[in-house]
Structure formats: C-alpha cells, structure tokens
2 protein chains.
Amino acid sequence: MSRYFGTMSRHPERDQIRIESVLSALGSPVRLAAVRVLDAGGEHNCTSVLELLGITAKSTMTHHWRVLRESGVIWQHPSGRENLLSLRRDDLDARYPGLLDAVLAGAAEDAALENASASAPAGPRGRSRT
Amino acid sequence: MSRYFGTMSRHPERDQIRIESVLSALGSPVRLAAVRVLDAGGEHNCTSVLELLGITAKSTMTHHWRVLRESGVIWQHPSGRENLLSLRRDDLDARYPGLLDAVLAGAAEDAALENASASAPAGPRGRSRT
DNA sequence: TTGATTGTTCGGCAATCCACGTACAGTCGA
DNA sequence: TCGACTGTACGTGGATTGCCGAACAATCAA
C-alpha cells in the first residue's frame, strides 16, 4: 500500500519464470556483474551495488533491476526508504538446477581470465603466476 | 579457400568465449530452440533446423547462426554446398562446466510446462491425464 | 552448360534496448 | 516542518536486434 512503486513490484511466480528471460537477463555485462555482487554479499540496496559497479546513473540501474526482477532473477522489496535486493537462488535452483552456479562460476572464471590478460599486456598466452 | 564465406568462418577460440555472449545468444527463443535441435540430433544443415523450427526465412536464420557462431556456441563448417552445424559442447563444457546441461534441461522443462498448460486450456493447474 | 539447391550478403524497416537527465514520491533525521 | 536521501517514473536519443525480400556465390546433378 505504501510507497508509490506502482509498476515496481512485478515479480514472476516461480512457475512463471522462463529460461530465455533468465538467460537474456544475465547476458548483459552490467546485470551479470550486479548478480555477482548480490551473490557475494548479503543484502544490498540499489546504490550500494551501483557504487560497486563503479559507473552508471541511478535511472539506468533502475532499468536493469527491472529486467532482473521481471525475469525472476532477483527479489526487490522496499524497506524503509531503501529497496533491498536479493538473488532468488532457491527459485532458480528449483527451476534450473545448477544453472546459477554454472553461470556464476563461469563469470568468475571469465573475470579472472580478463584480469590475467590485462596485467600481462604483451603476452595473452601468459603462463604468468603459478 | 573455397566458397565465398567471407565473414562466415569467424569462430572464437575456446579462450575467447565470453559467458555474457553465450548467455545472450541462448537468451532468444529461436536460438535456444535451434540449440536444442542440435543437441538432440547429430549433424544438421541450416535448412533442416529451419524446417524443424517451422517458421523463419533463410536470411533470418543466417543471422541467428551468426550470433550462435560468434558467441562460440556452435561450429559451422561448409561441406559441399551445405553448411553443417554442431554444438561446441566440449568447449562449452570446458569453459563453463554444467552450464549447457543446465540450460538444455531447463529449456526442456520449460517446454514441457508450456505444453502442459497449452493442452489444459481451462486449468493451468491441471493434473489432467495420468 | 544449364538448372536446382544451399545459404550467404546486403539493404531496409520496425521494435527493442541502453544510458541519461530531469522530475518527483516516499522515508528519515534534525 | 524542512531538508537530505533513496530510488522510481518518464521522455529522449542513439545503438542494437530481429525479421524480411532480393540478389548472388558456390556446389552438385543432369
């Protein structure tokens, strides 16, 4: 009743979740990064994630939150003047066992790979460090 | 050398594959369906999949093949006058263990769910038949 | 060589997506 | 009550995407 979040609170039920929506929601660098933040920490609000990601404008993030929310990847519920975010891990695991873990592990590996090649400018083939 | 597939044969190396590209490639109904066909059968050419999917124009499929190819999801190599398609299962499994299986299983479940609700027009909750 | 087949390339068009600034609506602290 | 703060709503511009028809290139069969 309170708050003006008119369109905001549209979360799909567990059975309404569709894998193409989930995949295309996660198939964006910004959103994937946001999901990784949510996976790593406990509860975040919008700005805390926004600051961790470094860049974007608030209204841009609102857009991404909506995509993640409407695809069933995150919960977003108001608390006080903030909007708390969390992964819908249980729902995703129930519908698509192993998917989220595989994605997060893969994203972590990609990030590591990216860092490695960034710190070894000349040799992308680098066997550097261990 | 042969064939005129100028831009065609751009496949990323295994290490070049990025998970966001894979996810956004799979996050489209048409492409996900195409991948499911490739997973089910052996080797297909473009039109065979196109016909199985029922609908689209050839040039549209060419577009989707390119997205799948450039994201590292499929191999596409010319043989005679056809263009044979196959899943890059080994590469994907190597880079993102469990991902492809989770996606395919999820897609299958989604499809089953969709069929169930389609064949039970009145009652989506339907325990109908068996 | 001629014709059929396969699938690409090249535009064009509509729809969607992304990022942004601005305005505004609740909530909280002083 | 008056700001400060959080985050949404809305509109816009630019880029990307999806789908298509038409033309063409390579191969194969006759």
Side-chain angles (χ1 to χ4, degrees), chain A residues 1-11 20-21 23-34 37-38 43-71 73-86, chain B residues 1-11 20-34 38 43-71 73-86:
Chain A
M1 271 32 144
S2 52
R3 274 202 154 218
Y4 66 105
F5 294 103
T7 334
M8 200 286 279
S9 2
R10 296 250 161 247
H11 296 77
E20 327 119 14
S21 314
L23 293 176
S24 83
L26 297 177
S28 135
V30 181
R31 290 193 291 263
L32 187 52
V37 170
L38 294 186
E43 282 204 307
H44 289 266
N45 64 15
C46 298
T47 30
S48 75
V49 178
L50 184 145
E51 284 165 5
L52 282 177
L53 299 188
I55 326 178
T56 16
K58 278 191 297 179
S59 52
T60 302
M61 271 323 267
T62 298
H63 162 64
H64 289 302
W65 296 133
R66 176 166 53 174
V67 175
L68 288 169
R69 176 179 11 101
E70 292 184 346
S71 65
V73 175
I74 63 169
W75 288 118
Q76 198 176 13
H77 66 92
S79 157
R81 68 181 143 181
E82 319 187 327
N83 214 340
L84 297 181
L85 302 157
S86 55
Chain B
M1 266 42 144
S2 53
R3 274 208 153 211
Y4 65 105
F5 293 103
T7 333
M8 200 283 281
S9 4
R10 297 251 161 244
H11 296 78
E20 326 118 16
S21 314
V22 172
L23 294 175
S24 82
L26 296 176
S28 134
V30 181
R31 291 193 290 264
L32 187 52
L38 293 186
E43 282 205 304
H44 289 266
N45 63 16
C46 298
T47 30
S48 75
V49 178
L50 183 146
E51 284 165 5
L52 282 176
L53 299 187
I55 326 177
T56 21
K58 278 190 299 179
S59 53
T60 303
M61 270 325 266
T62 298
H63 161 65
H64 288 303
W65 295 133
R66 178 167 52 174
V67 175
L68 287 169
R69 177 181 8 102
E70 292 185 343
S71 65
V73 175
I74 62 169
W75 289 117
Q76 197 177 13
H77 65 91
S79 156
R81 66 180 144 184
E82 317 186 327
N83 215 338
L84 297 182
L85 302 158
S86 56

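Naming convention: chains lettered A, B, ... in sequence-line order (proteins, then strands); numbering from 1 in each chain.
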Encode nucleotides 11-19 of chain C as B, S and - characters from 5' to 3', where the letter depends on protein heavy atoms closer than 4.0 Å: B to the base, S only to sugar-phosphate, - to neither. -------SB

Mind checking what makes side chain to side chain contact (heavy atoms under 4.5 Å, CB included) contact with A:V30, not counting sequence neighbours? A:S28, A:L53, A:M61, A:H64

Figure out the CG/P separation between A:L84 and D:dG7, and round it to whole Å. 8 Å

Rounding to a whole Å, what distance do you find between A:N83:CG and D:dC5:P? 19 Å

Using the side-chain heavy atoms of B:R81, tell me which of these nucleotides is nearest: C:dT8, C:dT5, D:dT6. C:dT5

B:W65 meets the ring pair (Phe, Tyr, Trp, His ring centres under 6.0 Å) criterion, sequence neighbours left out, with none

Between C1' of C:dA25 and CD of A:E82, the distance in whole Å: 16 Å

Residues two or more places apart in sequence or in another chain: which of them pass side chain to side chain contact (heavy atoms under 4.5 Å, CB included) with A:L52? A:V37, A:H44

Against the side chain of A:N45, the closest entry in D:dG7, D:dT6, C:dT8 is D:dG7

Atom-pair distance (CD on A:E20; C1' on D:dG18), nearest Å: 15 Å

Can you see if the side chain of B:T62 gets near the phosphate of C:dT8 - specifically, an N or O under 4.0 Å from OP1 or OP2? yes

Starting at CD of A:E51 and ending at C1' of D:dC5, how long is that distance when rounded to a whole Å? 12 Å

A:K58 NZ to D:dC10 P, straight-line distance once rounded to whole Å: 17 Å

Quick one: is B:Q76 getting a side-chain N or O under 4.0 Å of the C:dG7 phosphate, OP1 or OP2? no

Partner set under side chain to side chain contact (heavy atoms under 4.5 Å, CB included) for A:S21, not counting sequence neighbours: A:R18, A:S71

